[in-house]
2 protein chains.
Amino acid sequence: MGDSRSVERFSNVLSGVVKLTKTLSDGRQQIVGLQFAPDFLGRPFQSESTLTAEAATDVELCSFPRQALERMMKEQPNLEHRLLEQKLRELDQARDWMVALGRKTASEKIASFLLMIVHNIDPAAGPERRRAAFDLPLSRAEIADFLGLTVETVSRQITRLRGENVIRIENNRHVIVDDIGRLAARAGD
Amino acid sequence: MGDSRSVERFSNVLSGVVKLTKTLSDGRQQIVGLQFAPDFLGRPFQSESTLTAEAATDVELCSFPRQALERMMKEQPNLEHRLLEQKLRELDQARDWMVALGRKTASEKIASFLLMIVHNIDPAAGPERRRAAFDLPLSRAEIADFLGLTVETVSRQITRLRGENVIRIENNRHVIVDDIGRLAARAGD
DNA sequence: CGTTTCCTTGAGCGGTGTCAAGCCGTGTGG
DNA sequence: CCACACGGCTTGACACCGCTCAAGGAAACG
């Protein structure tokens with residue numbers, strides 16, 4: 001799991017998952033975004049404020065300096081347009097998570113998180129699968145930071161979902177969902 | 001306070017405050033954004049998913065249909081660029097709130113909210129004022145929906161801030177902050 | 001085999017939600 | 001003018017969800 005790096009550069013995520021985190025002065029942390037392939041990574045026109053980008057899994061990046069991007073955008077309006085569309089998607093996602101963070105219970109948060117992974121981990125797959133299996137890209141502690149919970153609560157809720165046969169788990173990281181509908185029913189939307 | 005309306009149109013907020021809300025099927029609500037003058041309002045390239053825009057105060061809008069905007073953007077790359085910059089700002093704000101929603105305590109949320117209003121209600125004012133006075137653009141219930149709390153908790157925390165002489169309140173809506181620094185010290189950042 | 005890291009599980013506590021009552025300002029109708 | 005209802009806000013009593021603290025298991029690695 002790589003370390004963080006300045007976001008004075010821009011990158012395309014070719015494979016893997018990158019997490020964007022914010023930290024309060026006393027150490028409390030919140031993950032404010034996850035970027036999957038083939039997302040764009042970086043914040044043009046401004047230093048990245050207090051945002052830290054960190055690899056969550058092994059990651060392949062295609063990276064280049066900020067100035068190169070801003071020059072390319074001036075020459076290719078199409079590029080700026082695609083960037084806008086991606087940022088609009090990120091904004092939609094951020095707002096969906098705000099609902100989860102502010103209004104969902106712990107178990108709804110976990111279910112929503114698992115669903116979100118299902119939908120992102122393999123974007124090619126059709127939207128109406130019944131089953132899914134995948135490796136969690138985040139540790140329990142990272143899931144907690146993503147959902148605004150503690151590690152213990154994350155662990156207990158996952159155990160609960162497993163006890164109710166909504167998911168199965170192998171090796172702490174591999175998740176099997178036999179009926180995505182049953183999982184979705186617990187996401188609270 | 002006006003009603004909601006479809007966001008098939010686009011608008012500039014000329015004055016007042018517009019709230020963007022999301023609602024779960026069982027009625028739980030979350031405000032996912034506040035737009036102050038002179039913000040842009042609307043979501044190009046896609047129907048607005050499950051987002052509702054609603055006036056929080058009296059509002060003046062300059063509104064026009066979606067197609068007009070998308071046509072104008074093709075002709076004026078500069079317009080698309082300004083739109084991108086605004087959406088990047090909105091994304092930064094959304095991520096700041098995610099930290100508040102996920103990791104801050106009730107009283108820190110209230111302090112952060114009041115600070116945010118101070119900074120937005122009068123964008124012209126310099127960043128280093130000591131005092132501020134303003135009308136809250138939201139009711140207690142709306143503040144609760146914004147911060148992921150209940151009305152009762154909002155009320156209690158505001159009472160607490162008042163008891164500690166961090167703020168004064170007149171007529172339930174008018175807030176006076178004598179020392180913004182003391183308020184900021186309670187925001188938890 | 002010890003150490004470390006991650007995860008799970010238990011016990012108890014506390015912050016925030018829930019439920020209920022009452023206050024205050026405003027509007028409405030007699 | 002008063003009586004009353006109504007909505008927004010506050011306050012209190014209590015319950016519960018999720019946090020804290022603590023212990024121990026499981027897998028990876030030296």
Side-chain angles (χ1 to χ4, degrees), chain A residues 1-3 19 24 26-31 54 56-58 99-114 135-164 167-175 186 188, chain B residues 1 3 19 24 26-31 56-57 100-114 135-164 167-175 186 188:
Chain A
M1 318 291 174
D3 52 353
K19 55 177 180 161
L24 299 178
D26 62 0
R28 282 175 289 179
Q29 241 184 1
Q30 175 70 43
I31 296 181
E54 207 169 342
T57 63
D58 291 347
V99 181
L101 289 171
R103 289 305 185 194
K104 289 190 182 177
T105 64
S107 61
E108 288 171 338
K109 286 179 179 180
I110 296 287
S112 304
F113 169 73
L114 292 176
D135 280 343
L136 285 176
L138 304 185
S139 70
R140 301 293 188 271
E142 289 170 322
I143 296 174
D145 282 344
F146 190 64
L147 299 176
L149 299 171
T150 58
V151 185
E152 294 92 329
T153 299
V154 170
S155 181
R156 281 188 250 269
Q157 295 301 334
I158 289 181
T159 300
R160 189 155 159 264
L161 279 182
R162 194 170 38 180
E164 295 169 334
I167 59 176
R168 283 178 290 148
I169 293 189
E170 293 168 1
N171 297 329
N172 276 344
R173 284 287 193 128
H174 192 71
V175 178
R186 307 185 180 234
Chain B
M1 316 301 175
D3 51 354
K19 54 177 180 161
L24 299 179
D26 63 0
R28 282 175 288 176
Q29 243 184 359
Q30 176 71 43
I31 296 181
T57 63
L101 289 171
R103 289 304 184 195
K104 289 190 181 176
T105 65
S107 61
E108 288 171 337
K109 286 179 180 180
I110 296 288
S112 304
F113 170 73
L114 292 175
D135 280 341
L136 286 175
L138 304 184
S139 70
R140 301 293 189 274
E142 288 170 322
I143 296 174
D145 282 344
F146 190 63
L147 300 177
L149 299 170
T150 59
V151 185
E152 294 91 331
T153 299
V154 171
S155 180
R156 282 189 250 267
Q157 296 300 335
I158 289 181
T159 300
R160 189 155 159 264
L161 279 182
R162 194 170 39 179
E164 294 169 335
I167 58 176
R168 283 178 290 148
I169 293 189
E170 293 169 0
N171 297 329
N172 277 344
R173 284 287 192 128
H174 192 71
V175 178
R186 307 184 181 237

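Each chain gets a letter, A, B and so on, in the order its sequence line appears, and its residues count up from 1.
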### Query
Want to settle it: does Ser107(B) or Asn172(A) sit nearer the 5' end of DNA chain C, counting the closest nucleotide to each?
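Looking at the nearest nucleotide for each, Asn172(A) comes out on the 5' side.
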Do any side-chain nitrogens or oxygens of [X] fall under 4.0 Å of OP1 or OP2 in [N]?
X         : N       : answer
Thr153(A) : dG18(D) : no
Thr150(A) : dC19(D) : yes
Arg140(B) : dT10(D) : yes
Ser155(B) : dT11(D) : no

Does [X] get its side chain close enough to the base of [N], under 3.5 Å, for a donor-acceptor pair?
X         : N       : value
Arg103(A) : dT16(C) : no
Glu152(B) : dC19(C) : yes
Arg156(A) : dG10(C) : yes
Glu142(A) : dC6(C)  : no

### Query
What residue among Glu164(B), Gln157(B), Glu108(B) forms side-chain hydrogen bond (donor to acceptor under 3.5 Å, both in side chains) with Arg186(B)?
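By the side-chain hydrogen bond (donor to acceptor under 3.5 Å, both in side chains) criterion, Arg186(B) pairs with just one of Glu164(B), Gln157(B), Glu108(B): Glu164(B).
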Rounded off to whole Å, could you give me the [atom1]-to-[atom2] distance for the [X] and [N] pair?
X         : N       : atom1 : atom2 : answer
Gln157(B) : dG14(C) : CD    : C1'   : 13 Å
Ile169(B) : dG25(C) : CD1   : C1'   : 16 Å
Arg173(B) : dG8(D)  : CZ    : P     : 9 Å
Lys109(A) : dC19(D) : NZ    : P     : 7 Å
Arg160(A) : dC17(D) : CZ    : C1'   : 11 Å
Asn171(B) : dT10(D) : CG    : P     : 12 Å
Leu147(A) : dC19(D) : CG    : P     : 10 Å
Ile110(B) : dC9(D)  : CD1   : P     : 12 Å

### Query
Out of dT8(C), dC9(D), dG18(D), which nucleotide sits closest to the side chain of Arg162(A)?
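Among the listed nucleotides, the one closest to the side chain of Arg162(A) is dT8(C).
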### Query
dC7(C), dT10(D), dT8(C): which one has an atom nearest the side-chain heavy atoms of Thr159(B)?
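Within the option list, the nearest is dT10(D).
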### Task
Would you indicate what Ile158(A) reaches in the nucleic acid, counting non-hydrogen atoms under 4.0 angstrom: base, sugar-phosphate, or nothing?
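Touches nothing.
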### Query
Does CZ belonging to Arg162(A) count more than 12 external heavy atoms closer than 6.0 Å?
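Counting neighbours around CZ of Arg162(A), more than 12 heavy atoms of other residues, nucleotides or ligands fall under 6.0 Å, so yes.
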### Query
Is the number of heavy atoms from other residues, nucleotides or ligands under 6.0 Å of Asp26(B) CG greater than 12?
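Result for CG/Asp26(B): enclosed.
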### Query
Going through the distances and angles, do Asp145(B) and Arg28(B) end up as a salt bridge (charged side-chain N to carboxylate O under 4.0 Å, His left out)?
CA-CA 8 Å; Asp145(B) 282 344; Arg28(B) 282 175 288 176; over 6 Å; no
#### Entry: Donor-acceptor contact present, side-chain Glu142(A) to main-chain Ser139(A), <3.5 Å
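Confirmed, Glu142(A) side chain pairs with Ser139(A) backbone.
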